[in-house]
Amino acid sequence: MEKIKLVVEGKELEVPKGTTLGEVFKELGIKDAVGALLEGELVDLQTPLRRGGKVKPLFRGDEEALPIMRHSLAHVMAQALKELYGPAKVRLGVGPDTEEGFFYDVEVEGRTITEEELKKIEEKMREIVKRDYPIVRKELTREEAKELFKKLGERYKLELIDEIPEGEPVSVYEQGGFVDLCKGPHLPSTGKAGAFKLTAVSGAYWKGDASGPQLTRIYGMAYWDEEKLNERLKFYEEVKRRDHRRLGKELEFFTIENEVGPGLVLWLPRGALYRKVLEDYLREEHLKRGYQLAYTPHVGRAELWKRSGHLEHYKENMFPPMQLDEEEYYVKPMNCPFHITIYKTRPRSYRELPFKLFELGTVYRYELSGVLHGLLRVRGFTQDDAHIVCTPEQVNDVIRETLEFALQVLRDFGFEEFKLYLSTRPEDAIGSDEQWELSQKALEEAVKASGYEYEVDEGGGAFYGPKIDVKVKDAIGRLWQLSTIQFDFNLPERFDMTYVGPDNKLHRPYMIHRALLGSIERFTGILLEHHAGLLPFWLSPTQVAVLPVADRHHDYARRLAELLTAEGFRAEADLSGERLGAKIRKAELTKVPVVLVVGDREQESGTVSVRTKKEGSLGSMSLEELIKYLNELQRSRR
RNA sequence: GCCGGCGUAGCUCAGUCGGUAGAGCGCGGGCUUCGUAAGCCUGAGGUCGCGGGUUCAAGUCCCGCCGCCGGCUCCA
């Protein structure tokens, strides 16, 4: 009998090949293990060992064992469904563990599962957990397995069996009479499961194929203990609380109306004021860095989009054409062809490179109706778009400067944590080796110089060039992709872009697309969620609310608001007849960062009583102190 | 686009078994002049998403469409 060597908790031992870890642990007196890491790979206790190595037993509560437990819960759920709806009526698809729990794709004959039923299913699951069925692994031959699942009417499982590579064992796990095709790993018994909750149902295509059958996906969340589960559930409540669609309504920032069209955003006055501040800032920052501004139309001739290649590669994302004077026109999905046309209005010398053109360009893209989502996924949006045309020699500096610019802008909006992604040459790429090498090197150097964590997505670039993506981490730990810096070797060719070099000859320039915030709409959604609606002082539509205590203080309040407006702040006096408490409540709910209360005391002494949304009451200040304080808030962008 | 859920006043929502539409907030008017998160009274406001059907009668039941929400798929 072949032997294999194991090292368990420092102890070395030899066992016959095919022994299970369950047997090994029993021998060693290791109790209550739910799984193990064998050379770093997650394994269960019931699978015969085929190789030796270092073994780390895992117990309930171990982070590393979560996938085992979640996967087993998926089986428990499948069993619960079979018990509830009848074994012959329930056909199983796949049921893996996920980041937070598990799901199972199922088909229940003659009915659809609704959210209301989740409780019932959950109860049945708890029952099965309580019954503490041992989970037994069996290896079958392909034929045996096929016969078994044919008998069970599990046609999806039959398909899966066919996909198991030759030479790999076909295994099933059985618990309390319920058998499922599965390669594991699984808990020793159902009773070892942790805390869980079924959270949602949705449709999911079998094998992700939209033309194939659609199954019902039932989601569950699972952690070892109730506390952690509740913490995660709370997190989702927090996500809900920060939902920009709710905040956007409350703060009167934007609306999306059926009558106007799905995915088309109307900016309300308060949102428009915020957006004006943001746009002014962007234009300023671009001008400071040598960008030039442009405005381009919303539509262009089909000819243009043909030349750019959009009609060839991007048509399904474009609004359908419109006919005008015998010509077809398309609404623009991107700004590049216009910017390139601007570049080409006259011959360009190497002396004016890098040529950097910036536009807050509004583009329209056809998005499937099902993916539209508040401001985060829309059909019409404004990009903070720029195209940089430069010589090969300038590529390094340009990229480094652009990445620094992007990060500085994101920091100004209150983001502090970034993760960079470098995507390199894919299989079917255009462009020369030289172009790819030069570009990728520039991107990599810039990413390294930034000092932030980065990942390389080998082969993940577009066919026309490599890129850097910047993701930000928001206040509750979610990652959002914002900035993109993308080389394009395609359009300079298609549009025959050139510049005259020092040698008096024509050369092909490098071109880079880049957006810092991406889309103003999407960015606003993310920003609102990041700050939970409480925008930094410099971005708030109303920065200061002046609240008179009684009617006799109205004049003083009005004069104060005028004074602050003259100082460049966005200030409003609340002259409604409400009581102070109600006015404060209103200011709080609309998330005005600074509130000034003025009554007899303040009016007499020419002061204000300051209350901020973030820090509460700051006591009274003279007007000089107040303006100094506000200027500091403005300057620090806090 | 697909699956499931949902659509009632500006907003959040209630509306039983099919019997003719309601609350709170907000908005208008009046009173109150008030010191750090809701003062009191009063009024206006609805083609119950749209269209069709069943019925003596439809917010309620059925069908189609539109939109929203959660996913799936898509995102050169």
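By convention in this document, chain letters (A, B, ...) are assigned in the order of the sequence lines, proteins followed by strands, and residues within each chain are numbered from 1. These numbers were taken from a predicted model, which means no experiment stands behind them. These values consider heavy atoms only, across backbone and side chains, with no hydrogens, waters or symmetry-generated copies.
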Original post:
In terms of the nearest nucleotide of RNA chain B, which residue is placed more toward the 5' end: A:His553 or A:Glu367?
Top reply: A:His553
**OP:** May I ask you to say what A:Val371 touches in the nucleic acid, namely base, sugar-phosphate or nothing, with a heavy-atom cut-off under 4.0 Å?
**Re:** base
**OP:** Select base, sugar-phosphate, or nothing to describe what A:Ala462 touches, counting heavy atoms under 4.0 Å on all strands.
**Re:** nothing
Subject >> Base B:G67 paired with A:Glu259 side chain (donor-acceptor, <3.5 Å) >> reply: no
Original post:
Can you find a side chain N or O atom of A:Arg217 that sits less than 4.0 Å from OP1 or OP2 on B:G70?
Top reply: no
Original post:
Among side-chain atoms of A:Arg601 and A:Thr607, is any donor-acceptor pair under 3.5 angstrom?
Top reply: no
Subject >> Pair partner, B:C65 [Watson-Crick or wobble, under 3.5 Å] >> reply: B:G49
**OP:** Go through the side-chain N and O atoms of A:Thr199 and A:Tyr236 and say whether any donor and acceptor fall under 3.5 Å apart.
**Re:** no
Original post:
Are A:Arg217 and A:Phe103 in a cation-pi setup, meaning NZ or CZ lies under 6.0 angstrom from the ring centre and within 45 degrees of the ring axis?
Top reply: yes
Original post:
Which one, B:G39, B:C34, B:U12, comes nearest to the side chain of A:Lys249?
Top reply: B:U12
Original post:
Using a cut-off of 4.0 Å on non-hydrogen atoms, how would the nucleic acid contact of A:Arg246 be classed: base, sugar-phosphate, or nothing?
Top reply: nothing
Subject >> Length of the line joining A:His554:NE2 and B:C34:P, which is rounded to integer Å >> reply: 12 Å
Subject >> Touch class at under 4.0 angstrom, heavy-atom based, for A:Leu589 against every strand present >> reply: base
Original post:
Less than 6.0 Å separating the ring centroids of A:Tyr343 and A:His387?
Top reply: no
Original post:
Contact class for A:Lys240 (heavy atom, under 4.0 Å): base, sugar-phosphate, or nothing?
Top reply: nothing
**OP:** Describe the nucleic acid contact of A:Arg579 in one word from base, sugar-phosphate, nothing, applying a heavy-atom distance below 4.0 Å.
**Re:** base
Subject >> RNA chain B: 5'-proximal contact among A:Val610 and A:Asn490 (nearest heavy atom) >> reply: A:Val610
Original post:
A:Pro262 has a side chain; which of B:C74, B:G67, B:A76 sits nearest to it?
Top reply: B:G67
